[in-house]
Colleague: 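Structure below; questions to follow.
Values in this document were obtained by computation on a predicted structure and should not be read as measured data. First the proteins, then the strands, lettered A, B, ... as listed; each starts at 1.
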Amino acid sequence: MFEDLKPKKINLTEWSHQFRKISDQIIKKYKYYGNQDWGIYLSPPATFMVYGARQLKRLKFDNSFAALRLWGFVFNESERLFRAKQVGKKVIATMGDLGTIPVIVMSFPDCIPFYPECIWWTPFFNESFILLDMATKLGAPEPACFSRAALAAFYKKAYFPKPDLMFASTGASCDDYSCIMQLIEGLGYNPIWIEIPFRRKSRSYFVADDYEHTKWGIDYPKRFETYLMSEYEKVWQNMVEFTDINNRNYLAKSIKNANRLRKLVENIKKLSYEAELAPFPGLELMVIEFGNLYGYADFDEWTDIIEMVYATISERVQKGEGVLNPDALPIAWVTPSPDPYLLNLVEDLGCRIVATEYVINQALVEIEEDIEPFQALARSFLNASLIGSTEQRVRRIIEGVEHGRISGVLITNMLGCSHCAMETRLIQQMLSKVPVLSIDVPAPFGITEQLKSRIAAFVETIRCARR
Amino acid sequence: MRETLTPRERFGLLVIDEKPDRCNIIPLVTSHAAEIARMKLKKYYTNGEAMARAQIAAIEEYGHDAISIFSEVGIIAEAMGSDFDYPDDDLPVIKRPALTKKNIEDIKIPVPKRDKRLPVYLEAIGYAYQSLGDKVPILAYVPAPFTTGMMLSDPKTFLIQTIRDPDHIKKIMEKSLQAAIEFCYDIIDAGALPIIVDPLASSSVVSPKAYKNFALPYERALIDFLHRYDLDIILHICGNTEPILDLLLETGADLVSLDQVDLSLAIEKLSKRMRIIGNFDTSKIAFSSPEEIMEEVKNMVKRGIKSKKGYIASTGCEVPIKTPPENVRTFINAAKEVGWYWE
């Protein structure tokens with residue numbers, strides 16, 4: 001579908017025009033759980049704009065059929081979760097750990113994990129303060145980051161169904177969200193708390209510890225692995241009690257499924273970031289990367305979409321086609337932006353994202369399949385950048401700078417996000433060889449001309465530095 | 001009881017078969033909004049920004065759950081060539097139908113961004129969406145092909161031709177369908193949910209047989225087109241629709257807005273597959289006392305919220321332009337008093 005179109009980014013109206021060429025048969029093929037009376041995955045951006053996603057009017061999207069599937073699927077998540085419950089599936093909220101607990105949850109038939117905190121994008125997609133204002137009323141004002149939107153969503157019960165079970169990770173996870181989760185508990189929800197250890201680096205002081213290193217070469221005290229395994233055992237036992245099913249073979253299968261997606265996404269990133277021309281837009285690539293966390297609540301369908309995306313990108317790379325100008329400047333993006341428009345804007349101003357540090361490394365790395373599953377999950381999780389030092393966090397970006405692949409670094413900070421406040425200056429110091437721009441992501445619909453000028457100046461600085 | 005949800009959140013739950021905090025309350029406040037905004041009707045229906053501002057004023061005044069972009073059902077027929085007069089203090093009046101001047105083959109499918117007052121609607125949608133679109137659903141009323149067809153012709157001739165020359169009527173229907181599709185296409189892109197209105201297909205105007213042969217297939221086709229977008233489509237037919245209640249299921253509409261029908265009967269026949277909207281008598285909202293309205297609306301809503309797939313408390317047709325605002329407020333307060341789903 002659309003193979004004859006030259007790859008490019010198009011706006012909502014252009015997508016609507018293109019959508020008219022799709023046959024009814026193809027549209028009907030993509031139904032929630034095969035139910036003909038329900039919604040469809042294959043809707044153009046205009047559909048979601050009608051239901052309140054106001055920013056879509058301003059965004060640009062990739063023009064491939066794969067991208068249409070991707071966006072239709074991602075924006076349908078809320079309905080998908082409600083529909084899942086309506087047909088008797090169990091909806092399990094997994095909060096804070098970002099990537100590992102869903103692998104366990106998906107080992108249980110008809111259990112669907114999701115991340116309530118991913119609703120932090122909603123105020124931006126809707127250009128709305130409804131959730132943020134409600135969060136403020138509920139006791140999570142501006143000093144907490146935009147993930148506080150989840151508190152309002154739990155209160156309103158209109159964005160996802162009441163979870164059948166909830167896991168909440170605290171400790172070395174996002175501290176703002178830990179506070180939010182405590183407030184959610186105060187609304188009458190009962191999360192099962194999991195603790196994540198801080199992955200300290202200083203071997204020399206802690207001589208009693210044995211050390212291991214992860215696949216990505218990050219050192220960690222061995223006992224953290226054991227500790228995490230015991231936490232995952234706790235998750236497992238709660239799921240067993242909840243479902244009355246206890247079959248560890250399912251966990252091995254779930255790990256295989258997760259790895260299938262992780263390998264695909266790794267290949268997509270490699271292809272996209274190393275190709276001469278950018279074959280896919282940065283915004284879609286961010287959405288793809290975050291899909292590794294839980295497959296937007298339908299892991300199989302998401303994996304199928306990602307296979308199509310991979311095929312699209314491969315074909316474009318083979319043909320030497322891209323969606324950005326050939327002279328777009330390669331930059332790294334540090335910390336995910338809750339405002340999707342920023343990714344569009346940065347590309348429109350002449351950049352191309354070729355490396356990312358979105359604080360979800362643990363969901364990108366393959367899980368070992370030849371060792372005990374909980375140990376494998378623990379070892380993959382210990383790659384997480386959020387639980388270690390800042391230096392470990394940006395090590396890969398620094399490598400990219402040193403190899404000349406990255407000409408500039410953009411850091412997006414969130415008001416209220418404590419690790420942003422701590423880390424940004426350190427990251428800037430570590431990345432002294434290339435221009436670094438650190439910006440605060442403004443509240444919804446708050447991107448000003450001044451901010452655009454700052455990004456434009458950053459682009460110009462990179463261009464001058466490259467000359 | 002405290003409201004937890006915005007109108008948009010409430011409507012969003014309704015269309016995925018979930019119960020919101022309370023039922024949606026959407027009396028059909030259309031041109032009546034001009035009264036609330038103290039605006040001349042002509043300005044309301046000829047100026048998109050004015051129409052939107054009037055609708056926003058009405059929302060602020062009443063606190064109901066949707067914006068209704070609408071003035072009258074001739075809008076597509078006008079863009080296809082029918083002539084209308086624009087009185088200052090009344091809605092447009094048809095002066096000369098297009099088919100009295102041209103053959104159906106010579107009538108062009110309008111360009112909604114350009115032709116006659118279709119851009120007025122699109123501008124109104126854009127303005128309302130930008131102002132309140134995150135909180136309130138924007139509904140844009142689109143005349144169904146049968147109604148447009150009749151506004152393209154002399155109504156008497158049109159009705160006779162449904163018997164004597166059905167092929168000719170079908171040609172008119174096909175063209176009207178295309179025009180409606182093009183209009184919907186731009187409405188969606190502007191951010192509104194199209195609501196299909198087919199007042200002239202009512203059993204008060206045509207027989208069930210004529211409805212089945214000439215109106216229903218084109219309502220269905222228009223709704224099928226909109227279902228490609230995965231939109232939840234409202235069909236509104238005013239007047240008496242009891243003789244065609246069973247046929248309404250065949251339209252594929254997701255929500256049906258009813259007028260002169262026994263609500264309990266409609267719930268019994270339709271509510272397994274459709275959400276029900278309705279159906280307070282518009283003459284009563286215009287002329288009854290607030291006390292009477294309070295009691296009758298409460299009775300209606302108590303029955304309505306038992307509807308299986310969901311219910312919207314509404315008037316059977318448009319709130320008459322000169323309805324006392326106190327009566328509309330009473331309607332909404334009554335529905336808010338008894339329309340709760342959540343504890």
Side-chain angles (χ1 to χ4, degrees), chain A residues 11-17 19-20 22-24 26-28 30-32 37-57 72 75-76 78-83 85-86 122-123 125-131 134 152-153 155-159 161 444-445, chain B residues 2-21 113 125-126 128-140 181-182 184-195 221 224-233 252 254 272-274 309 341-343:
Chain A
N11 65 23
L12 176 137
T13 301
E14 290 168 308
W15 243 125
S16 296
H17 186 64
F19 185 78
R20 291 184 82 164
I22 299 176
S23 71
D24 290 352
I26 287 178
I27 291 171
K28 283 177 185 163
Y30 300 97
K31 293 273 185 188
Y32 294 4
D37 292 333
W38 287 354
I40 47 183
Y41 289 151
L42 204 65
S43 311
T47 294
F48 304 103
M49 193 183 93
V50 166
Y51 287 113
R54 299 198 293 176
Q55 192 183 56
L56 304 189
K57 189 88 177 163
F75 282 123
N76 260 326
S78 174
E79 180 172 356
R80 182 157 55 250
L81 287 167
F82 280 107
R83 295 297 191 192
K85 267 199 99 153
Q86 287 171 8
T122 300
F125 274 127
N126 292 0
E127 292 181 343
S128 168
F129 284 88
I130 288 165
L131 288 174
M134 179 54 75
Y155 174 74
K156 282 176 165 276
K157 303 187 191 95
Y159 294 82
F445 209 33
Chain B
R2 192 166 58 181
E3 295 192 355
T4 307
L5 304 178
T6 63
R8 185 170 284 289
E9 291 164 340
R10 198 168 284 126
F11 190 79
L13 284 176
L14 171 76
V15 295
I16 57 168
D17 303 319
E18 292 287 327
K19 295 275 185 279
D21 53 352
K113 287 194 176 81
I125 293 166
Y129 188 80
Q130 197 56 45
S131 305
L132 285 182
D134 61 328
K135 300 182 189 76
V136 183
I138 318 290
L139 307 178
I181 285 175
E182 290 305 318
C184 285
Y185 179 73
D186 279 336
I187 283 172
I188 295 166
D189 252 24
L193 184 67
I195 148 169
D224 282 350
F225 167 77
L226 293 165
H227 277 166
R228 283 170 51 88
Y229 285 79
D230 194 22
L231 297 171
D232 302 281
I233 299 307
D254 305 282
K272 276 187 196 157
R273 280 173 49 192
M274 293 168 145
K309 265 181 91 75
Y341 292 113
W342 292 2
E343 292 293 317

Colleague: Could you grab the distance from atom NZ of B:Lys19 to atom NZ of A:Lys157, nearest 0.5 Å is fine?
Modeller: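 Atom-to-atom, B:Lys19:NZ and A:Lys157:NZ are 15.5 Å apart.
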Colleague: Taking B:Arg228 for the side chain and A:Phe19 for the main chain, is one N or O donor matched with an acceptor at less than 3.5 Å?
Modeller: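 Answer holds: yes.
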Colleague: For B:Asp21, is there an ion pair with A:Lys156 - N to carboxylate O distance below 4.0 angstrom?
Modeller: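 So A:Lys156 does not pair with B:Asp21 through a salt bridge.
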Colleague: Any donor and acceptor pair, going by atom type alone, linking the side chain of A:Gln86 with main-chain N or O of B:Ile16 inside 3.5 Å?
Modeller: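 Between the backbone of B:Ile16 and the side chain of A:Gln86 there is a qualifying donor-acceptor contact (under 3.5 Å).
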Colleague: A:Val50 and side chain to side chain contact (heavy atoms under 4.5 Å, CB included): which single residue from B:Asp230, B:Leu231, B:Ile187 fits?
Modeller: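 When side chain to side chain contact (heavy atoms under 4.5 Å, CB included) is applied between A:Val50 and each of B:Asp230, B:Leu231, B:Ile187, only B:Leu231 qualifies.
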Colleague: Please classify the contact of A:Arg83 with chain B as side chain, backbone, both or neither, using a heavy-atom distance under 4.5 Å.
Modeller: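 Side chain of A:Arg83 only, per the 4.5 Å heavy-atom cut-off to chain B.
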Colleague: Counting distance only, does the side-chain N/O of A:Lys57 pair as donor-acceptor with the main-chain N or O of B:Asp189 below 3.5 Å?
Modeller: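 A pair under 3.5 Å: yes.
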Colleague: Under a 4.5 Å heavy-atom cut-off, does chain B meet the side chain of A:Ile40, its backbone, both or neither?
Modeller: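 Its backbone and side chain both get close to chain B.
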Colleague: Calculate, to the nearest 0.5 Å, the distance between atoms CG and OG belonging to B:Leu13 and A:Ser78 respectively.
Modeller: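 So the CG of B:Leu13 and the OG of A:Ser78 are separated by 7.5 Å.
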Colleague: For A:Tyr159, is it the side chain, the backbone, both, or neither that has a heavy atom closer than 4.5 Å to a heavy atom of chain B?
Modeller: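 Side chain only.
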Colleague: Where the side chain of A:Tyr51 meets the backbone of B:Leu193, is there a donor-acceptor pair that is under 3.5 Å apart?
Modeller: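 Judged by distance alone, no pair lies under 3.5 Å.
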Colleague: Less than 4.5 Å to any heavy atom of chain B: does that hold for the side chain of A:Phe125, its backbone, both, or neither?
Modeller: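 Neither; nothing under 4.5 Å.
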Colleague: Which residues satisfy the side chain to side chain donor-acceptor pair (under 3.5 Å) test with A:Glu14, sequence neighbours excluded?
Modeller: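 Residues passing side chain to side chain donor-acceptor pair (under 3.5 Å) with A:Glu14: none at all.
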